[in-house]
Amino acid sequence: MKIDRRHLLKFMGGSAVGVVLSPLPWKVVDDVSIWTQNWSWIPVPVRGETIFRHTSCALCPAGCGLKVRCIGAQPIALSGLTGHPTSHGFVCPGGLLGHHLPFSSRRVTQPVRLTKGGREAAPLSTEQVASDLGGVLARLKADPAAGRFAIIDALPGRSTSLAYRRLASQFPGGAYILPPDGIRQSLGVFDGVAGDAYPELGVDLDGARTVVSFGADLFEGWGTPGRFARKPQSSDGGPRLTQINPRYSNTACMADTWLPVRPGSEAILALGLAGVIVKERLFNSGLSTLIDGLDEIPDFRDLLAAIPVTRAAEVCGISPEAVMTTAREMGANAPCLALLGAGYSGGPFGEDDRLAVNFLNLLSGAVGAPGGLVPRRSLPQMEIEGLTGDLVPPTDLSEVPDGSIAFLMIDATVPRQAIPAALIERKLVKDKAVVVSFSALEVQAIGRSHYVLPVPLYLEALEEIPTSSDSPFATLSYSVPLVPAPPAASAPVEWIGRMAPTAGLDWAPLSADTLNEARIRAVWDCKRGSVYSYADGTTKANSEFASAEELGTAFKAGACWLDSSADSVKPDLTKSPYFKPETWGRLKRAVNARIEVRSKPSDDRVLLMPFTTAFLATASPLAGKLTHESGLYLRPGEALMSPSTAGRLALREGQKAEVETSKGRLRVRIRLDESAVPGTVFVPVSETDADPRNLCDIGEDCIWRATPAKLRRLDV
Amino acid sequence: MSDKMDQKTETKGHPPANHRFGMAVDLDRCNGCGACMLACSVENNVAPVPEKADDRKGLTWIRVYKASNGSAFPEARTVFVPVLCQQCGHHTPCVAVCPQQAVDVDPETGIVGQMPERCLGCRYCMAACPYHARYFNWWDPVWPKGLEKTLNPAVAPRMRGVVEKCNLCHGRLQAAKAKAAAEGSRDVQPDDYQPACVEACPTGALTFGDLNDPDSRVSQLARGQNSFRLLERLGTDPKIYYRSKRRWVRELAERRLSRT
């Protein structure tokens, strides 16, 4: 056959059609796409045996129970334990990423000396640290006039806390300082009413039918969030929640009623509610004699008369009907709890707010009753050689005079307990003080430290988790070591032990293990309560453990000790401050001052309120899923405000602006939200320079909730 | 609603599904914490993206949107709406448009699966998806040094240039199947596995199960009075049901979700 040009063209055409109709091009495309997905820089997950272990989260005092999925020895995922007696399966977003922390770029792996405001870091050896800081402590001990020694404890109540108090006792005027804790400070109003055996009160959320929350973000890190988050809603038989908060927080979003009060008016609303409850005799009938007796106090009568419903509603910026309805619900739907709290970034409320809000608890009969504030024992006292003798009593930062601290140690092992750097600086002897932080991560609290000493991170050491401030009974659990700590990381007591010889301290060698063993022995010795095992979900009486070592083994496998409840204890309410006339005098003065301020006509200023939730106190890159990748949470440097306020200030969504207070300026990007209270700008706390707390006026009482500010548009 | 539940769930070319795995999302219980998004990212090795990325280029198989009732202060109210692949059971839009057959519906479970190995990155599926539940890998998957040790070996990281989406934790389903096989069972039961988001939800807003089982919790919730599906008028028969007692929230289902 002769092959001509036509045959050639037909062959080429047929081939082209054939190739297209054959699987070949698709196969090539498939192979190319697979090939391009297997570059050498695409990480390949490590394979191995899957093992489940159990621990408790040590990132906040809640101590949620966790199931840890490991491949070999490496944790790869954390999840909650549904049967856990206090967390009920709850794990916050930050807790879910806890296993990422050891790989954070902000991980502190060796001792460093910071200079130039933390911008430069020089590594030090362990010996250098012991020698340098021991020398400073020795000079301070020899010359008390140079200033005082102080230590801030991130998580009070641990066995380590006793060591800190012992250390502080060795210096004249030494102070052991508690971090700001809105729950502890609020419930502290009733300290001592239940006798010496029950020095504190806890919150029995499980039994409450009505919860009136003054800024306590129950779903976002207030106390133990798992205790409320899994409850049925009020329509399904759960407690009714009224959220009183200037910010439309996620908890406000979930509440049955949200009362958007003006910042700073919470005490006035509480006293307005109290006025209705007293006038309409909605208080607990068993307290009639006591409450009627308060009428003998002139300041009490004057105060309630000065805040009628209409006045309280006007000052708070809500309707009188809302005040009346809330008060009547509190009376009709007992047990009723009034809770006070603020996001930790906003700091605690002041003493006046604590007194005003807790008076509602007294009226509703919540103090000492199921579903209210119940007496709680402390953790069993431990005895350990070297920690005997006088211990410095705990104190709040507000009680320490400004400019008095020459040597400050900060236990920053719990990242969320951040105190504004400006507040810490105010307490220091100017230009001469030495600040030392024990920290696993470079968090803001250590930003102005001179020395940073690495400590084991959560999941790297056996860490004690004492009773959470809100718990209705004493609890104890441990975070179990699952991954190795960096070689230079040591427990704070071990760092102190290294400094002790040079400093000339009377200090017996202590290790974290010694302290943990002593604590576990003390719990075993008390024979009270029960132990919940995470692995099999069983509960065993503490008295059934044959030895403290057996109890220790249970803790290290994942367990939680729960003290027995104190149902039979009846508090003596007359020991509370409400039966002292000076309390009402104080409240009267405070309320009058606030009403006067609120009555002034508004100008073009706004109120700056820093906020955050505990959930993002994490150093995982996946946290970005909630901020810049989705817009669910505000990013650092963004500011939330209402469209009406923005319109008044000629600002638009996405526009750059500058917040200015007497303390400085901060550039922000405007985000508008109809649910934001007009006249207020909410800025999220950040670990960066964009931290709004640097702009806040921090009062003598160390409160920094809201600060007057100017907001102006940046045209560039 | 019950009539819709009884709809034949057969997809074109497939026999009726043995199971019809789906989810009920109680919007009145969602507090917008985002735990579901993080648990999903941890479970499925969803890579972090650079800081410069915005919400359009973010990579989240489940995303919690914030939607407003449109009122001004003080009547303004918000609802958080977790949106994941709606696992469409009828005329699944992404299946129809994929030129690579990289998307298919598992006849055994009704789960819409995505095979990134086949994906060309044309993003037709993203354009077709009425729920914006598909995400494109704009960057190489990069984890900070050391963090790759924490990746889940049951799920392969995806390459830049491909689309990915929720598959109701395929890795967990496979593990449940393997466990069932080891125990001599040929069928995996819904109780044998839970997607990571359901397990992580702190408030119990998410319920997972077999919609074909009328006694299952998810099935009962889906049949409930306040149950609805997103953009139901499109007829895609999604297997994700939402619930809310608030009328304005239910009405949102037929409207565009807007960021507030």
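Note that the structure is predicted; figures quoted are calculated from it, not measured. The sequence lines fix the lettering, A, B, ..., with proteins before strands; numbering per chain opens at 1.
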Examine distances only and state if a side-chain atom of [X] and a backbone atom of [Y] form a donor-acceptor pair shorter than 3.5 Å.
| X | Y | answer |
| --- | --- | --- |
| B/Glu148 | A/Pro43 | no |
| A/Tyr633 | B/Gly34 | no |
| B/Arg63 | A/Glu629 | yes |
| A/Asn250 | B/Asn31 | yes |
| A/Lys625 | B/Leu59 | yes |

Given a strict heavy-atom distance threshold of 4.5 Å, which part of [X] is in contact with chain B: side chain, backbone, both, or neither?
| X | answer |
| --- | --- |
| A/Val44 | neither |
| A/Ile71 | side chain |
| A/Ala252 | neither |
| A/Pro75 | backbone |

**Asked** Heavy atoms, side chains only, cut-off 4.5 Å: are A/Val46 and B/Pro153 in contact?
**Response** no

**Asked** Non-hydrogen atoms of chain A under 4.5 Å away: do they reach the side chain of B/Asp28, the backbone, both or neither?
**Response** both

**Request:** Walk me through it: do A/Asp673 and B/Lys66 pass the test side chain to side chain contact (heavy atoms under 4.5 Å, CB included)?
**Result:** CA-CA 11 Å; A/Asp673 191 332; B/Lys66 194 175 172 188; 3.2 Å; yes

**Request:** Using the side-chain contact (heavy atoms from CB on, under 4.5 Å) rule, pick out the option among A/Ser675, A/Pro643, A/Pro260 that qualifies with B/Phe73.
**Result:** A/Pro260

**Prompt:** Who passes ring pair (Phe, Tyr, Trp, His ring centres under 6.0 Å) against A/Trp258, sequence neighbours left out?
**Reply:** A/Tyr248

**Message:** Is it true that, when you exclude B/Phe136 itself, more than 12 heavy atoms of the residues, nucleotides or ligands shown sit nearer than 6.0 Å to its CZ?
**Reply:** yes

**Message:** Assess the residue pair A/Leu632 and B/Phe80 against the criterion (side chain to side chain contact (heavy atoms under 4.5 Å, CB included)); give the C-alpha distance rounded to whole Å, side-chain angles, the decisive distance to 0.1 Å, and a yes or no.
**Reply:** CA-CA 9 Å; A/Leu632 184 61; B/Phe80 294 100; 4.0 Å; yes

**Request:** Please determine if A/Arg69 and B/Glu43 form a salt bridge, counting it only when a charged side-chain N lies under 4.0 Å from a carboxylate O.
**Result:** yes

Of all heavy-atom pairs between [X] and [Y], which one has the smallest distance, and what is that distance?
| X | Y | value |
| --- | --- | --- |
| B/Pro141 | A/Ile42 | CD-CD1, 3.6 Å |
| B/Ser41 | A/Leu622 | CB-CD1, 4.0 Å |
| A/His628 | B/Val49 | NE2-O, 3.5 Å |
| B/Cys33 | A/Leu626 | O-CD1, 3.7 Å |

**Prompt:** Hey, mind stepping through A/Leu96 and B/Val42 against side chain to side chain contact (heavy atoms under 4.5 Å, CB included) and telling me if it holds?
**Reply:** CA-CA 9 Å; A/Leu96 286 170; B/Val42 168; 5.8 Å; no

**Asked** chain B contacts: which residues in residues 226-234 of chain A have a non-hydrogen atom closer than 4.5 Å to it?
**Response** A/Ala229, A/Arg230, A/Lys231, A/Pro232, A/Gln233

**Request:** Flag the one option from B/Lys245, B/Glu51, B/Met37, B/Lys52 with the top tally of heavy-atom pairs under 4.5 Å to chain A.
**Result:** B/Glu51

**Request:** Starting from the C-alpha separation in whole Å, work towards a yes-or-no answer on side chain to side chain contact (heavy atoms under 4.5 Å, CB included) for A/Ile76 and B/Leu151.
**Result:** CA-CA 6 Å; A/Ile76 64 158; B/Leu151 296 182; over 6 Å; no

**Prompt:** With respect to chain B, which residue among A/Ala77, A/Ser79, A/Ser105 yields the maximal number of heavy-atom pairs within a distance under 4.5 Å?
**Reply:** A/Ser79

